[in-house]
Amino acid sequence: MTAVTQASSTGLTVVPAEVGDPRVAPLLRELGNEYSTRYGKDAHAELARYPDEEFTPAHGGVLLLLLEHGEPVAGGAFRRYDATTAELKRIWTHSAHRRRGLARRVVAELEREAGNHGYRRVYLTTGPRQPEARGLYLATGYTPLFDTEADPETIGPLPFEKHLATDRGTRTDVRIRKAHTP
């Protein structure tokens, strides 16, 4: 996996993690509660829908956490959808840290990492009762694969896609050059 850990002037660090990492627990707990509040008690099943290993590099996936002072404040993952497409899942911002643009940062990091894994397209779905997620994806350049004028409740899961830049070789060359510069 590409080294993802990055410190920034904002005090935020992006780190890869596995589903079993204790730092992932708040993400899963809050997502489960959020899904249940919006969709009913069976919504926890969505979190168990895909095996944990699908979110590991060995299976074409990644799970990233955004840490602030070592504590998880946001995160998300992708899994292999097909040979050229990563599917974003589990986009989350801690309830105490919303309205700071953290979900946008997570999506950008996941897109970057998907490109580093050779994916050329990102696909995702969000529930019809998540207007903030729908707004996030539209604001970050995703194309809706549904009628945006229709009542979301009549559609079901709302699918989106985004084609990634194909200049992987250039980015890799720059990274290698920087690594060898004294």
Side-chain angles (χ1 to χ4, degrees), residues 1-6 13-36 38-39 42-67 72-94 102-130 132-146 155-166 168 171-172:
M1 174 178 176
T2 303
V4 179
T5 305
Q6 300 171 347
T13 306
V14 178
V15 297
E18 293 186 12
V19 175
D21 185 321
R23 297 174 299 180
V24 176
L27 179 153
L28 297 175
R29 182 177 53 254
E30 284 200 350
L31 280 175
N33 291 340
E34 191 79 27
Y35 293 167
S36 293
R38 295 181 193 219
Y39 301 106
D42 293 333
H44 279 280
E46 172 58 26
L47 291 174
R49 185 174 175 189
Y50 303 102
D52 294 352
E53 57 270 5
E54 288 194 23
F55 300 103
T56 64
H59 292 274
V62 164
L63 190 152
L64 299 177
L65 291 175
L66 187 57
L67 305 179
V73 294
F78 67 76
R79 60 185 284 277
R80 179 188 168 100
Y81 187 75
D82 63 34
T84 61
T85 306
E87 180 180 18
L88 297 192
K89 304 296 286 179
R90 319 280 188 265
I91 307 302
W92 162 81
T93 300
H94 191 287
L102 299 176
R104 183 183 290 256
R105 169 86 185 268
V106 168
V107 169
E109 293 289 345
L110 289 169
E111 290 170 2
R112 185 181 61 74
E113 193 63 21
N116 289 342
H117 275 72
Y119 293 114
R120 296 189 311 260
R121 176 178 172 256
V122 174
Y123 172 82
L124 63 89
T125 60
T126 192
R129 297 179 189 163
Q130 295 173 268
E132 67 286 355
R134 176 182 168 158
L136 169 68
Y137 303 131
L138 290 171
T140 54
Y142 282 77
T143 301
L145 302 175
F146 59 93
I155 299 171
L158 309 177
F160 291 85
E161 73 173 352
K162 185 175 189 179
H163 293 273
L164 301 174
T166 58
R168 262 187 87 228
R171 285 194 306 244
T172 301

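Please read all numbers here as calculations on a predicted model, not as lab measurements. Index from 1, following the sequence.
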Which atoms form the tightest heavy-atom contact between [X] and [Y], and what is the distance?
X: R134; Y: T126; value: N-CG2, 4.3 Å
X: P26; Y: P22; value: CD-O, 3.7 Å
X: L158; Y: G127; value: CD1-O, 4.1 Å
X: G76; Y: L27; value: N-CD1, 4.1 Å
X: Y123; Y: P159; value: OH-CB, 3.6 Å
X: A77; Y: L110; value: N-CD1, 3.7 Å

Query raised in the report: Between K162 and T140, is there a donor-acceptor pair closer than 3.5 Å when you use the side chain of the first and the backbone of the second?
Result: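 It does hold such a pair.
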Requested in this report: For T85 and Y81, indicate whether the former's side chain and the latter's backbone hold a donor-acceptor pair under 3.5 Å.
Outcome: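 Checked: no pair found.
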Query raised in the report: Between L64 and V15, is a side chain to side chain contact (heavy atoms under 4.5 Å, CB included) present by the stated rule, with each step listed?
Result: CA-CA 6 Å; L64 299 177; V15 297; over 6 Å; no
To the nearest 0.5 Å, how far apart are [atom1] in [X] and [atom2] in [Y]?
X: R79; Y: E53; atom1: CZ; atom2: CD; value: 11.0 Å
X: L28; Y: D21; atom1: CG; atom2: CG; value: 10.5 Å
X: L65; Y: E109; atom1: CG; atom2: CD; value: 12.0 Å
X: R120; Y: D82; atom1: CZ; atom2: CG; value: 9.0 Å
X: E132; Y: I91; atom1: CD; atom2: CD1; value: 12.5 Å

Query raised in the report: Salt-bridged, E54 to R80, with N to O below 4.0 Å?
Result: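 Judged by the 4.0 Å cut-off on N to carboxylate O distance, E54 and R80 do not form a salt bridge.
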Requested in this report: For residues L66 and T13, determine if any side-chain heavy atom of one lies less than 4.5 Å from a side-chain heavy atom of the other.
Outcome: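 Contact flag for L66/T13 side chains = no.
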Query raised in the report: Under 4.5 Å between any side-chain heavy atoms of Y119 and E87, yes or no?
Result: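 When only atoms from C-beta onward are counted, E87 and Y119 do not touch, as no gap falls below 4.5 Å.
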Requested in this report: Applying side chain to side chain contact (heavy atoms under 4.5 Å, CB included), run through R104 and V107 and close with a yes or a no.
Outcome: CA-CA 5 Å; R104 183 183 290 256; V107 169; 5.9 Å; no
Query raised in the report: What pairs with Y137 under ring pair (Phe, Tyr, Trp, His ring centres under 6.0 Å), at least two apart in sequence or on another chain?
Result: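 Here the qualifying residues are Y142, F160.
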Report task. Would you check, one step at a time, whether the test side chain to side chain contact (heavy atoms under 4.5 Å, CB included) holds for E111 with F78? Result -> CA-CA 9 Å; E111 290 170 2; F78 67 76; over 6 Å; no
Query raised in the report: Counting heavy atoms not belonging to E18, are there more than 12 under 6.0 Å from its CD?
Result: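 Check fails, neighbour count at 12 or below.
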Query raised in the report: Between R29 and W92, does a side chain to side chain contact (heavy atoms under 4.5 Å, CB included) hold up when you go through it step by step?
Result: CA-CA 10 Å; R29 182 177 53 254; W92 162 81; over 6 Å; no
Query raised in the report: Which residues satisfy the side chain to side chain contact (heavy atoms under 4.5 Å, CB included) test with E161, sequence neighbours excluded?
Result: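 Here the qualifying residues are R121, T143, L145, H163.
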